[in-house]
Amino acid sequence: MSINVQKYLDDVKKRNPGEAEFHQAVEEVLESIAPVLEKNPQYVESGIVERLLEPERQIMFRVPWVDDNGKVQVNRGFRVQFNSAIGPYKGGLRFHPSVYLGIIKFLGFEQIFKNSLTTLPIGGGKGGSDFDPKGKSDAEVMRFCQSFMTELCKHIGADTDVPAGDIGVGGREIGFMYGQYRRIRNEFTGVLTGKGIGWGGSLARTEATGYGLVYFVREMLKANGKSFEGQRVVISGSGNVAIYACQKAQSYGAKVVAVSDSNGYVVDEDGIDVATVQRLKEVERARISEYVKVRPNAKYVAGGSVWDVKCDIALPCSTQNDINEDTAKTLVDNGCYAVGEGANMPCTNEAIKYFLSKGILVGPAKAANAGGVATSALEMSQNSQRLEWTFEEVDERLDRIMTSIFKACDDASKEYGLNNNYVAGANIAGFLKVAKAMLAQGVI
Ligand code: NDP
Ligand code: 2IT
């Protein structure tokens with residue numbers, strides 16, 4: 001059977017106009033799974049692909065709130081419940097001015113395959129708002145979160161759909177949203193993950209995405225006769241994922257020389273001081289430019305690209321399409337040989353193709369950043385059991401999960417004769433579990 005990938009893609013573009021990021025995410029997956037569809041015509045005959053490409057449910061709503069000046073503000077809220085074939089919808093909430101339906105759909109689509117790879121029973125979903133928490137007071141953020149949850153709470157539940165954090169949504173926002181959910185629904189259940197310690201949160205969830213990324217890359221390097229020891233690492237972003245990726249990479253003997261935010265980047269040849277970044281970002285909500293005030297040997301570059309800094313290993317941990325083909329060329333020319341995607345879709349499809357054509361090791365987002373959502377699923381397990389596991393217990397499980405995700409990507413890439421193409425391997429392994437479940441459950 002020959003698979004017409006272009007036909008599927010043309011249909012997606014026609015049915016979802018103007019959603020460039022969603023089209024991009026779909027194109028990458030379709031290209032990878034074409035050989036699987038050729039080998040398994042039952043998936044094509046039962047419309048698995050068409051059904052996967054159409055979210056089960058898309059919710060958009062008004063979020064009105066009152067700012068500190070008494071002025072009414074209106075934002076738009078989203079929750080896309082993409083696929084629940086293997087478990088309740090699970091995925092983060094993003095608060096960023098760039099959020100629109102196309103961003104939430106690309107993230108929700110990716111989440112289906114990522115969650116499948118975790119080995120845990122979670123379906124794919126994503127949500128968020130075009131609200132910008134930057135520059136808002138805590139009281140404004142609270143009023144926004146309460147208004148957002150007043151509507152969202154009608155559509156979620158511990159066995160239905162369990163949101164969590166993403167860009168612009170951390171412990172503070174989860175706290176405000178959880179409080180409002182509990183108040184309206186009059187129940188204390190694990191409806192959100194990333195909760196605080198002492199009220200249902202899991203130890204190691206804060207660290208999980210960054211640590212998990214480094215565990216995955218460690219396995220990828222090991223399989224190719226390499227390790228983090230003594231390597232120069234550059235990380236984009238300086239938020240949740242970037243901070244804990246930096247900490248774990250350093251613990252393996254790497255030297256992280258640069259991190260960034262949306263205003264610029266810092267280069268510290270003595271190695272990034274994680275405690276300073278944590279204080280600036282987690283406590284003071286300051287700009288990364290402040291870093292050089294405490295570390296005078298470091299250099300701040302306003303604007304520009306952190307990828308101009310020479311490195312062996314690149315860990316993009318900020319946002320989508322951070323690395324395009326030109327950036328990829330710069331990285332390769334500067335000697336970079338491995339990329340671990342901490343962010344969702346941080347490399348364009350052209351950048352990925354360029355890296356693979358040059359034999360660069362690429363740890364794809366769906367696999368490499370799955371440690372966050374995997375640990376969220378561990379938080380759900382603890383909530384259901386009404387038990388709390390130790391940090392070490394959660395971290396050990398996370399390490400085992402990331403190791404098994406790497407193996408799944410490696411095995412799938414080998415099975416299809418695509419050695420070392422972990423991008424295709426992740427898509428194939430993630431797809432197969434969901435496709436089998438959908439086939440077994442009939443046309444729904
Ligand atoms: P945070 O909000 O904690 O940090 C985001 C970081 O990325 C900040 O440094 C931010 O800079 C930077 N950034 C965001 N948008 C842009 C932009 N448009 N241009 C340049 N820099 C930008 O988010 P997280 O660390 O949680 O998320 C980072 C990435 O990891 C995202 O792609 C997210 O989807 C992904 N991810 C997160 C998981 C999690 O558990 N948190 C799990 C899996 C993936 P500034 O402050 O200046 O905006
Ligand atoms: O992209 C992601 O996997 C996340 N933002 C984490 C989702 C979650 O449910 O923990």
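Order of appearance sets the numbers: ligands from 1, and atoms from 1 within every ligand. Each residue takes its place number in the sequence, starting with 1.
Scored by the salt bridge (charged side-chain N to carboxylate O under 4.0 Å, His left out) test, Lys299 finds no partners at all (sequence neighbours excluded). Phe106 meets the ring-ring contact (aromatic ring centres under 6.0 Å, His included) test with no other residue; sequence neighbours excluded.
In this structure, Lys136 satisfies the cation-pi test against Phe131, with its NZ or CZ atom closer than 6.0 Å to the six-membered ring centre and inside 45 degrees of the ring normal. Geometrically, Lys105 does not engage Phe82 in a cation-pi contact, judged by NZ or CZ lying under 6.0 Å from the ring centre and within 45° of the ring axis. Seen from the ring of Trp199, Arg182 does not count as a face-on cation partner, given the 6.0 Å and 45° thresholds.
A distance limit of 4.0 angstrom between heavy atoms and ligand 1 selects the residues Arg94, His96, Lys114, Lys134, Asp166, Ile167, Gly168, Arg205, Thr209, Gly237, Ser238, Gly239, Asn240, Val241, Ser260, Asp261, Ser262, Arg287, Cys317, Ser318, Thr319, Gly342, Ala343, Asn344, Asn369. Ligand 2 is surrounded by Lys90, Gly91, Gly92, Gln111, Lys114, Lys126, Ala164, Gly165, Asp166, Arg205, Asn344, Gly372, Val373, Ser376, each with at least one heavy atom closer than 4.0 Å.
In this structure, Phe109 and Phe113 have perpendicular ring planes: the angle between them is above 60°, well past the 30° mark. In this structure, Tyr215 and Tyr252 have tilted ring planes: the angle between them lies in the 30° to 60° band.
Between the side chain of Ser84 and the backbone N or O of Gly87 there is no donor-acceptor pair closer than 3.5 Å.
At most 12 heavy atoms of other shown residues, nucleotides or ligands fall within 6.0 angstrom of atom CD in Glu388.
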